[in-house]
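To start, the structure itself, in structure tokens.
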2 protein chains.
Amino acid sequence: MLLEKTTRMNFLFDFYQALLTDKQRSYMQLYYLDDLSLGEIGESYEVSRQAVYDNIRRTEAMLEEYEDKLQLFQKFKNRQEITNKLLSCLNDEQSSKEDLIPLIELLKQE
Amino acid sequence: MLLEKTTRMNFLFDFYQALLTDKQRSYMQLYYLDDLSLGEIGESYEVSRQAVYDNIRRTEAMLEEYEDKLQLFQKFKNRQEITNKLLSCLNDEQSSKEDLIPLIELLKQE
């Protein structure tokens with residue numbers, strides 16, 4: 001599994017898991033957070049490896065669809081970028097309190 | 001219509017409208033943003049006042065359910081509160097740049 005995809009799925013799962021069914025949530029948790037194989041998940045739920053695979057693929061597509069619509073992960077990344085700029089501005093001896101205001105105004109809009 | 005409810009519905013609509021159907025979105029927009037009456041909306045869609053009413057009530061319930069699950073409005077209010085504190089801290093001659101750090105750390109977690 002590509003690390004980049006795993007990281008993205010972990011974030012999307014974090015943001016949208018409340019919109020999933022219990023079963024979707026369990027499979028995603030076991031696969032992405034607990035790093036179980038499809039076969040292992042199938043065994044513990046007494047379903048085929050293929051059934052687990054299909055369920056997880058559908059859930060991933062749902063998470064991407066929610067992200068298309070609500071952009072919670074993207075907005076989170078935008079806010080993180082601004083707060084990091086704020087913090088480095090605070091650590092910079094050269095910068096004044098006034099330099100922070102446009103960054104905070106930007107945050108209010110996110 | 002109570003002002004408090006209208007304001008809340010406007011916010012919830014803003015956060016979750018991407019998850020509604022086109023028809024739900026149109027009715028909500030005409031009722032809450034354009035301030036049309038149920039009768040007027042019914043006329044322009046050639047449906048009964050009651051049909052519009054039922055659709056809007058169901059949509060309101062859906063929006064509240066999304067808010068229960070995702071808390072986007074609540075989290076937005078929390079962030080606004082912190083950014084407002086940040087701004088008043090910046091306007092306060094007594095406060096130093098260091099006083100801002102805990103507030104920014106708090107923002108990162110929201």
Side-chain angles (χ1 to χ4, degrees), chain A residues 10-26 28-29 59 61-110, chain B residues 10-26 28-29 59 61-110:
Chain A
N10 271 303
F11 271 108
L12 294 186
F13 182 69
D14 216 39
F15 285 113
Y16 302 111
Q17 61 167 301
L19 301 176
L20 302 178
T21 65
D22 287 346
K23 195 169 111 184
Q24 287 177 318
R25 207 162 22 233
S26 301
M28 290 295 282
Q29 218 146 18
T59 307
M62 271 183 68
L63 293 177
E64 289 291 357
E65 222 175 290
Y66 282 129
E67 175 63 9
D68 267 353
K69 289 179 177 168
L70 296 178
Q71 305 265 297
L72 299 187
F73 182 34
Q74 186 56 51
K75 287 175 184 168
F76 169 78
K77 285 190 287 188
N78 296 347
R79 287 197 307 272
Q80 291 296 103
E81 205 181 310
I82 303 170
T83 47
N84 286 337
K85 275 187 200 158
L86 269 175
L87 288 173
S88 66
C89 212
L90 284 174
N91 289 324
D92 177 3
E93 302 284 320
Q94 307 281 306
S95 75
S96 69
K97 287 203 302 187
E98 284 63 35
D99 296 332
L100 301 169
I101 294 177
L103 288 170
I104 297 170
E105 291 297 345
L106 211 59
L107 260 184
K108 286 194 76 150
Q109 285 155 36
E110 282 295 330
Chain B
N10 271 303
F11 271 108
L12 295 186
F13 182 69
D14 216 39
F15 285 114
Y16 301 111
Q17 61 167 300
L19 301 175
L20 302 178
T21 65
D22 288 345
K23 196 169 109 181
Q24 288 176 317
R25 204 160 26 229
S26 301
M28 290 295 281
Q29 218 146 16
T59 308
M62 270 183 68
L63 293 177
E64 289 291 358
E65 221 176 289
Y66 282 129
E67 176 63 10
D68 267 354
K69 290 179 175 168
L70 297 178
Q71 306 263 296
L72 299 188
F73 182 34
Q74 186 57 53
K75 287 176 184 167
F76 169 79
K77 285 190 286 188
N78 295 346
R79 286 198 307 272
Q80 291 296 103
E81 203 182 311
I82 303 170
T83 47
N84 285 336
K85 274 188 201 157
L86 269 175
L87 288 173
S88 66
C89 212
L90 284 174
N91 289 323
D92 177 3
E93 302 285 318
Q94 308 282 304
S95 74
S96 69
K97 288 203 301 186
E98 284 63 36
D99 296 331
L100 301 170
I101 294 176
L103 288 170
I104 296 171
E105 292 296 346
L106 211 58
L107 260 184
K108 287 194 76 149
Q109 285 156 36
E110 282 294 332

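Below, chains carry the letters A, B, ... as their sequence lines are ordered, and counting in each starts from 1.
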What's the separation between atom CG in B:L100 and atom CD1 in A:I104, rounded to the nearest 0.5 Å?
6.5 Å
Which portion of A:Q17 sits near chain B, non-hydrogen atoms under 4.5 angstrom:
neither
The test is side-chain contact (heavy atoms from CB on, under 4.5 Å); show your working for B:L72 and A:L72 and say whether it passes.
CA-CA 9 Å; B:L72 299 188; A:L72 299 187; 3.6 Å; yes
Checked B:L87, B:I101, B:I82 vs chain A; the most non-hydrogen pairs under 4.5 Å come from B:L87
Restricting to pairs with a member in residues 73-110 of chain B, which pass ring-ring contact (aromatic ring centres under 6.0 Å, His included), not counting sequence neighbours?
B:F11-B:F73, B:F11-B:F76, B:F15-B:F76
Taking salt bridge (Lys or Arg N to Asp or Glu O under 4.0 Å) as the cut-off, I'd like each qualifying pair that reaches into residues 15-25 of chain A, sequence neighbours left out, listed once.
A:D22-A:R25
Chain A neighbours within residues 63-70 of chain B, where any heavy atom lies under 4.5 Å away
B:Y66, B:K69, B:L70
Is there any side-chain hydrogen bond (donor to acceptor under 3.5 Å, both in side chains) pair reaching into residues 81-92 of chain A, and which pairs are they, with sequence neighbours excluded?
A:N84-B:K108
